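Working notes, beginning with the structure itself.
Computed from a predicted model, the values in this text were never measured in an experiment. Note that the numbering runs from 1 along the sequence shown for the chain. Atoms considered below: every heavy atom in the structure, side chains included; atoms not considered: hydrogens, waters and symmetry mates.
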Amino acid sequence: LGLSGLRLPIEPGDMDVIASPIDFVGINYYTEAAVAWDEHAPLKCSGVPVHQEETKMDWPIVPDGLYRLLHWIHQEFPKLPLYITENGCAQDDQVVLDDHGRKRVRDVRRVSYLRDHFAVAARAIDHGIPLKGYYVWSFIDNFEWAWGYSKRFGIVYCDYQSLERIPKDSYYYLRDVIAGYERFQA
């Protein structure tokens, strides 16, 4: 039995496999939710309104939630390196022409999202949390399981009709971060 009487699909021998030592902890982080006690909800809590700006998935943008999660996981697994295996946001990306007639996607809200989350990751490293890697979700717009092609997470825009790919401003921002040209406060 699991949480609140839910049955988990654990088969004989699963616990022996699960008990094998792990090399690192991978973290998929997109948001942190505020909840309140709800006697009638399956897990006894329900979401409550928040003040933060939201992504196109209606997820609050909470960079400090990433820090809290990294800190907590490091306390639970102090000897293991941590990797952010997914982090990003869906935005309403539109292709426009720049002053030179080139196709561009000005995803300034995604750039801001990444900048704020990178700053939190840098702060975590400065505080001794062994964060060893950070993977942005996603390289290219793709099929999202619950939403199909209607939500765009990529740093490269994909025209689903022609399959043309257009690097977004977030692509160029990430390029500059990797090259060391872009700095942010930890």
Side-chain angles (χ1 to χ4, degrees), residues 22-35 47 50-96 98 102-147 150-158 165-186:
I22 59 175
D23 300 325
F24 68 92
V25 177
I27 300 158
N28 294 1
Y29 179 83
Y30 293 94
T31 189
E32 176 183 76
V35 296
V50 297
H51 70 277
Q52 290 95 344
E53 179 182 353
E54 296 178 339
T55 69
K56 290 301 173 183
M57 298 290 284
D58 298 324
W59 296 340
I61 299 173
V62 190
D64 283 331
L66 175 59
Y67 181 85
R68 287 186 283 274
L69 182 61
L70 290 169
H71 186 268
W72 174 70
I73 291 174
H74 177 57
Q75 285 182 315
E76 295 294 315
F77 304 98
K79 295 185 179 359
L80 290 176
L82 308 181
Y83 290 83
I84 298 170
T85 46
E86 286 186 23
N87 178 251
C89 68
Q91 293 297 341
D92 190 18
D93 300 329
Q94 303 295 320
V95 177
V96 298
D98 69 12
R102 294 177 297 219
K103 292 181 182 179
R104 297 292 300 268
V105 177
R106 304 283 188 192
D107 59 338
V108 295
R109 294 175 79 191
R110 182 175 294 106
V111 170
S112 177
Y113 178 98
L114 292 174
R115 181 179 290 119
D116 292 347
H117 285 77
F118 291 166
V120 165
R123 187 174 82 210
I125 292 167
D126 287 348
H127 291 169
I129 295 172
L131 180 59
K132 301 297 183 185
Y134 195 118
Y135 299 91
V136 171
W137 185 258
S138 159
F139 172 69
I140 193 166
D141 293 331
N142 60 15
F143 183 85
E144 293 295 328
W145 288 108
W147 298 94
S150 67
K151 304 296 182 186
R152 293 182 178 270
F153 277 85
I155 61 172
V156 173
Y157 182 92
C158 181
R165 286 144 171 115
I166 304 165
K168 301 176 188 179
D169 284 358
S170 56
Y171 170 96
Y172 298 113
Y173 169 71
L174 184 58
R175 174 201 62 192
D176 292 349
V177 168
I178 292 168
Y181 299 137
E182 182 71 30
R183 303 280 184 216
F184 36 84
Q185 294 297 317

Handout entry: Spatial distance of atom CD (E32) from atom CZ (R68) [nearest 0.5 Å]
Key = 4.0 Å

Problem - F139 atom CZ: more than 12 heavy-atom contacts under 6.0 Å - result: no

Problem - pair I166-V95: side-chain heavy atoms closer than 4.5 Å - result: yes

Practice task
Give, for atom NE2 of H117 and atom OG of S112, the distance between the pair rounded to the nearest 0.5 Å.
Solution key: 10.0 Å

Handout entry: Sub-4.5 Å side-chain heavy-atom contact between I61 and P63
Key = yes

Exercise for the section: Taking all heavy atoms of P60 and all of V50, pick out the closest pair and write down the distance. Expected result: CG-CG2, 3.5 Å

Fill in the blank from the handout: CG of D116 to CG of L66, rounded to nearest 0.5 Å, is 11.0 Å

Problem - V96 side chain near V105 side chain, heavy-atom distance below 4.5 Å - result: no

Fill in the blank from the handout: d(D64 CG, L70 CG) to nearest 0.5 Å is 11.0 Å

Fill in the blank from the handout: Exactly one candidate in Y113, Y29, W137 meets side chain to side chain donor-acceptor pair (under 3.5 Å) with N87; the answer is Y113

Exercise for the section: Answer yes when D169 and R106 have at least one side-chain N-carboxylate O distance shorter than 4.0 Å, and no when they do not. Expected result: yes

Problem - For the student: nearest non-hydrogen atoms of F153 and C89, plus distance - result: CD2-C, 3.5 Å

Practice task
Tell me whether the guanidinium CZ or amine NZ of R165 lies under 6.0 angstrom from the six-membered ring centre of Y157 and within 45° of its axis.
Solution key: no

Problem - R115 and E182 ion-paired at < 4.0 Å - result: yes

Exercise for the section: Check whether any side-chain heavy atom of I84 lies under 4.5 Å from a side-chain heavy atom of L131, and answer yes or no. Expected result: yes

Handout entry: Distance in Å, Y173 OH paired with I178 CD1, rounded so as to fall on 0.5 Å steps
Key = 10.5 Å

Handout entry: Flag if over 12 foreign heavy atoms under 6.0 Å of OH, Y181
Key = no

Practice task
Measure up the Y30 and W59 rings against each other and bin them: parallel (under 30°), tilted (30 to 60°), perpendicular (over 60°).
Solution key: tilted

Problem - Beyond-backbone contact of W145 with W147, side-chain heavy atoms, under 4.5 angstrom - result: no

Problem - By ring-ring contact (aromatic ring centres under 6.0 Å, His included) - contacts of Y135 (at least two apart) - result: none

Practice task
Would you mind reporting whether L174 and L114 have side-chain heavy atoms less than 4.5 Å apart?
Solution key: no

Exercise for the section: Find out whether Q91 and R152 are in side-chain contact, i.e. whether some heavy atom of one side chain is under 4.5 Å from a heavy atom of the other. Expected result: no

Problem - Salt bridge present between R109 and E53 (N-O < 4.0 angstrom) - result: yes

Practice task
Output yes when D141 and K168 qualify as a salt bridge under the 4.0 Å nitrogen-oxygen rule, no when they do not.
Solution key: yes

Practice task
Output yes when R110 and D92 qualify as a salt bridge under the 4.0 Å nitrogen-oxygen rule, no when they do not.
Solution key: no

Exercise for the section: Measure the CD-CG distance between Q94 and D107 for me, rounded to the nearest 0.5 Å. Expected result: 11.5 Å

Handout entry: Contact check, side chains of H74 and L82, non-hydrogen atoms, under 4.5 Å
Key = yes

Practice task
Heavy atoms only: give me the nearest S170-G154 pair and the separation to one decimal.
Solution key: OG-O, 4.4 Å

Handout entry: Pair Y134 + F118: ring centers closer than 6.0 Å
Key = yes

